[in-house]
There are 2 protein chains.
Amino acid sequence: MFEFGEERFFTSAITVDNVIFGFDDGEIKILLIKRGTTPFKGKWALPGDFAHPDEDLDFASARVLKELTGLSNVYLEQVQSFGHPNRHPDGRVITVAYFSLIKISDFALQASGWASGAQWMSLKDIPELAFDHNEILDACFSKLQRRVRVQPIGFELLPPKFTLTDLQQLYHAILLPPPDKSIDKRNFRKKILAMDLLIDLNELQEGVAHRPAKLYRFDPSKYRKLVESGFSFEV
Amino acid sequence: MFEFGEERFFTSAITVDNVIFGFDDGEIKILLIKRGTTPFKGKWALPGDFAHPDEDLDFASARVLKELTGLSNVYLEQVQSFGHPNRHPDGRVITVAYFSLIKISDFALQASGWASGAQWMSLKDIPELAFDHNEILDACFSKLQRRVRVQPIGFELLPPKFTLTDLQQLYHAILLPPPDKSIDKRNFRKKILAMDLLIDLNELQEGVAHRPAKLYRFDPSKYRKLVESGFSFEV
DNA sequence: TCAAAAGTGTTCTTATTACACCCATGG
DNA sequence: CCATGGGTGTAATAAGAACACTTTTGA
């Protein structure tokens, strides 16, 4: 089966790690788990697992996500692989990082063996994580920031009905504009409506102590067309 | 060392595969090798190797490049990992794909053990390759196309002195614009000179049967500043 | 003197930015 | 009636697209 000497390379393991982004309360949140097993038992970490022998990488990542959140058919994108020789104390472990976008409204935590707890954390409160997971998280957030300028994937993070202010806050939370060039409300609305991706539901917010905002939903068929034709979207 | 059962995952191998881009004669070329060992002995393939136990992925990719071309300090970017369970007949092998940009003028093929031959091939003449290397190549070329719109890395492919027409042909070869919207010469020059990345060498081409073009070189210090401030460049 | 590629500006159109007031609701 | 956030348009500026002729050289 092996060329001479080749078998000495078949001693590595592959994991996938998921940076699961959600949006709540005007902030981007990340779903972290408290590790239930060594190494780094008790530390916060990205949800991840070994890729099983018969699994493609994308499949492994989707499986981890499903085991933890119960969700499938979720936006999932491979970001980067990390392979420092000493990144894992048990041996040579290369990890393939993915990020996914989920609607927190859909979220219900699943019982899952390998995590003794899971929690949404704001980007600004991220503690020191197990392994090189802080570095992985940074790479994934950067990728999200770049991706959102070029594809309207932000919708993946919003509930089915949302207001234009929700959408603007989401872009604000992802792009983190400096205070001197915060996103202009009128220009943002003009641009987003010109894309013709939103459907006006002719419904209003209820129970707010101010003028109620109109609710929109997102038009997936137009979205698909736009993604295919590969447009550019800058806020 | 291992958690119970964990050792069954330490049976994979990691490789790196490099898509080495060059530019010559108005075309993007890729450096392929003819495999000297099984599997796929005698087939064309991307240059690649197993990541050694003590090597980071970036390092392994740079080593492959150096062994094959003698070059170091080359533009090298991780693109994507590929891990179909059956992509390698000898076992579970995940590969991490990189692309690199080299100046063909710097290139001198090195004798290297694992390739019985290496050759530059035009994108349009790529044969069926070993493993899933056609798929890897496509992903890397797409990434190059996206990267070049946002960072002026095209210069990495040109000789130290070049004309504006060389540069335009390079962009043409990467972006492959449809015939109805080919790159406009005047607008291209205006834009590229406005970026203030080129130094006019006050030299002219020699020995051409037409008006000789001015030669330019590229200013790496201004380039670094631009890359840091993260600009956007669309042709 | 001819063929071949180099070099050069202007106009039109489109996109981006900056900016301030009235409106509807619940408390 | 007040506080809160929702909703709206226009003018100025900047960026992008379209377009054709003259120049220099070697053969």
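Here is how names work: the chains are called A, B, and so on, in the same order as the sequence lines, proteins then strands, and each is numbered from 1. Quick caveat: nothing in here was measured; it's all calculated off a predicted structure.
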Do the side-chain N or O atoms of B:K191 get closer than 4.0 angstrom to the phosphate oxygens (OP1, OP2) of D:dG16?
yes

Is it the case that A:N18 and A:S100 place a side-chain donor and acceptor less than 3.5 Å from each other?
no

Please determine if A:R147 and A:E77 form a salt bridge, counting it only when a charged side-chain N lies under 4.0 Å from a carboxylate O.
yes

Are any of B:T165's side-chain N or O atoms less than 4.0 Å away from OP1 or OP2 of C:dA5?
no

Take atom CD of B:E206 and atom P of C:dA5, then tell me their distance rounded to the nearest Å.
19 Å

Whole angstrom value for the distance that separates P of D:dA14 from CG of B:N187:
19 Å

Take atom NZ of B:K185 and atom P of C:dA5, then tell me their distance rounded to the nearest Å.
10 Å

Between CD of B:E203 and P of C:dA6 the distance, given in whole Å, is 17 Å

Here's a test of your reading of the structure: between B:L164 and A:R211, which maps to the more 5' nucleotide of DNA chain C?
B:L164

Taking the side chain of B:P212 as its heavy atoms from C-beta onward, which of C:dG26, D:dG6, D:dT25 lies nearest to it?
D:dT25

Taking the side chain as everything from C-beta on, heavy atoms only, tell me whether B:E156 gets closer than 4.5 Å to B:I102.
no

B:K190 near the nucleic acid: base, sugar-phosphate alone, or nothing, with a heavy-atom cut-off under 4.0 Å?
base

In terms of the nearest nucleotide of DNA chain C, which residue is placed more toward the 5' end: A:H210 or A:D184?
A:D184

Could you check how far CG of B:L193 sits from P of D:dG16, rounded to whole Å?
15 Å

Looking at A:E203 and A:K161, is there a salt bridge between them, counting it only when a charged N and a carboxylate O are closer than 4.0 Å?
yes

In whole angstrom, give the distance that lies between atom NZ of A:K181 and atom P of C:dT17.
9 Å

From CD1 of A:I183 across to C1' of C:dC19 the rounded distance in Å is 17 Å

Does the ring center of A:Y171 lie less than 6.0 Å from the ring center of A:F188?
yes

Within less than 4.0 Å of OP1 or OP2 of C:dG7, is there a side-chain N or O belonging to B:R189?
yes

Taking atom P of C:dA6 as reference, at what distance in whole Å does atom CZ of B:F162 sit?
14 Å

If you assign each of A:Q205 and A:R186 to its closest nucleotide in DNA chain D, which residue comes earlier from the 5' end?
A:Q205

